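The next block holds one structure in the form of structure tokens; read it before the comments.
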Amino acid sequence: MTVHWGILGAGKIAESQMAPAIGAAPGHELAAVTRREQEAAQRFADRHGAQRAYDRVEALLEDDQVNAVYVATPPHLHARETVLAAEAGKHVLCEKPMALTTGEARAMIDACQANGVMLTICHYQRFNARHQRIRSLLEEGAIGQVTAARINFSDRFPPQPGVWHHNPEISGGGPVMDLGIHCIDLLRFLCGPAESVAALVETLVDSSPVADTATLLLRLASGAQAVVTSHWTTANHEPERANCLEICGTEGSIVAAPISAKDSAGTLQVLTTDGVRDYAVEPGGQRPHVALLAAFGDAVAGKSPNPIPGEDGFAGLAVVEAAYESARCGRRVEV
Ligand SMILES: NC(=O)c1ccc[n+]([C@@H]2O[C@H](COP(=O)([O-])OP(=O)(O)OC[C@H]3O[C@@H](n4cnc5c(N)ncnc54)[C@H](OP(=O)(O)O)[C@@H]3O)[C@@H](O)[C@H]2O)c1
């Protein structure tokens, strides 16, 4: 069964990652796209071989050829567009953060369930080949009992004219919603769910309505402790340092970077008393977006489970909300 995609919001991430991934994934084709201006939509369609271009989401959702949509608009539109897509009978792959709040996320999950369509969240780091290897290593007990994890995903990102990320009504927050949500999801994928969080979410540098610097201290359901740092105030001259994870256990530790590689390329080392085992991936490895699409297609065809269900996106947002609450009240908050 071919997945005929419609992209809602054919902007930057659709241009750089998803449209090329759809073109590269067997059994997937790009049928239609939207942008706010018809001519811009048509140009995108022409660049990526889509058959139709629209300037309204509603028009694309009436397109009978489309059986799945990729929601790639800014976060404030994810809930509305996912619910509309579900009501139109389309499966949904939604960009992160899934929504602005857990309330919106629940409405999205309910709408997709009520209309019998699948809702998948685009936490593509789960399909980075190195992260999949880490998960296998942890399951095999390569570092014993996991007791601690640290993930940092940061950059220097001051407010810029025309960029929506610093508008909380559009983005839902600062770096925690933008970059931290990736770390929170990766932590869930590798080490299991979070139980409670204590956080500092502060404005240190930029005059902006969203906080620019965040540190989260998490207790996981397994009992392990984790630290997630997500800043827009730290210059990222070296992705290996500013975009990395470390998982530590009773028998050793695992270090890997960068977490955001679009071809799985990067370092992965397992350090134990036996020495250092190297699982680095050279550039040109598994493309997480293509692998995610393959898993999405298999799930739509009923061959395998939904790879990243809406409940996983909901769980990430619940951690973000608990972190903001903790930062406000100065106490640890249950997730
Ligand atoms: N997974 C990842 O690693 C990753 C990376 C980057 C972004 N993302 C996520 O992907 C989503 C889109 O990000 P992006 O960087 O691609 O955004 P973008 O290029 O700024 O915008 C995406 C699309 O939404 C439309 N749009 C922008 N602002 C809008 C507004 N205020 N009202 C209505 N439509 C608006 C744009 O319209 P026009 O086409 O008309 O300009 C464009 O089609 C976000 O949720 C973001 O967090 C994920």
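Indexing begins at 1, ligand by ligand and atom by atom, following the structure's order. Note that this is a predicted model, so its numbers are computed, not measured. Computation of the quantities below employed the complete heavy-atom set of this structure, encompassing side-chain atoms and omitting hydrogens, waters and symmetry-equivalent molecules.
- Contacts of T102 classified as side-chain hydrogen bond (donor to acceptor under 3.5 Å, both in side chains), with partners at least two apart in sequence or in another chain: E321.
- With a 4.0 Å cut-off on non-hydrogen atoms, V163 does not touch ligand 1 at all.
- Sorted by first and then second residue, the side-chain hydrogen bond (donor to acceptor under 3.5 Å, both in side chains) pairs involving residues 137-151 (not counting sequence neighbours) are R150-E246.
- Remark: minimum distance from atom 11 (C) of ligand 1 to any protein heavy atom is reached at T73 O, 3.4 Å.
- Backbone and side-chain nitrogen or oxygen atoms of I13 are examined, and one is located within less than 3.5 angstrom of a nitrogen or oxygen of ligand 1.
- In this comparison of Q17, K12, M18, the heavy atom closest to atom 19 (O) of ligand 1 sits on K12.
- Side-chain N/O atoms of Y124 and K96 include no donor and acceptor closer than 3.5 Å.
- Between W164 and H76, the distance from one ring center to the other does not fall under 6.0 angstrom.
- Between the side chains of Q160 and H165, not a single donor N or O lies within less than 3.5 Å of an accepting N or O.
- Any N or O atom pair closer than 3.5 Å counts here, and E37 shares no such pair with ligand 1.
- Residue H289 has no nitrogen or oxygen atom sitting less than 3.5 Å from a nitrogen or oxygen atom of ligand 1, judged on distance alone.
- At a 3.5 angstrom cut-off on N or O pairs, K262 does not count as close to ligand 1.
- Residues L119 and F189 share a single hydrophobic cluster, defined by chaining ILVMFWY side chains whose heavy atoms lie under 4.5 Å apart.
- Between H165 and ligand 1, a contact under 3.5 Å exists for no N or O pair.
- The backbone of A10, and not its side chain, has at least one atom closer than 4.0 Å to an atom of ligand 1 (non-hydrogen atoms only; backbone = N, CA, C, O).
- Polar contact check, R36 against ligand 1: a nitrogen or oxygen pair lies under 3.5 Å apart.
- At under 3.5 Å, a nitrogen or oxygen of W164, whether backbone or side chain, sits near a nitrogen or oxygen of ligand 1.
- Within the 4.0 Å heavy-atom cutoff, H182 counts among the residues contacting ligand 1.
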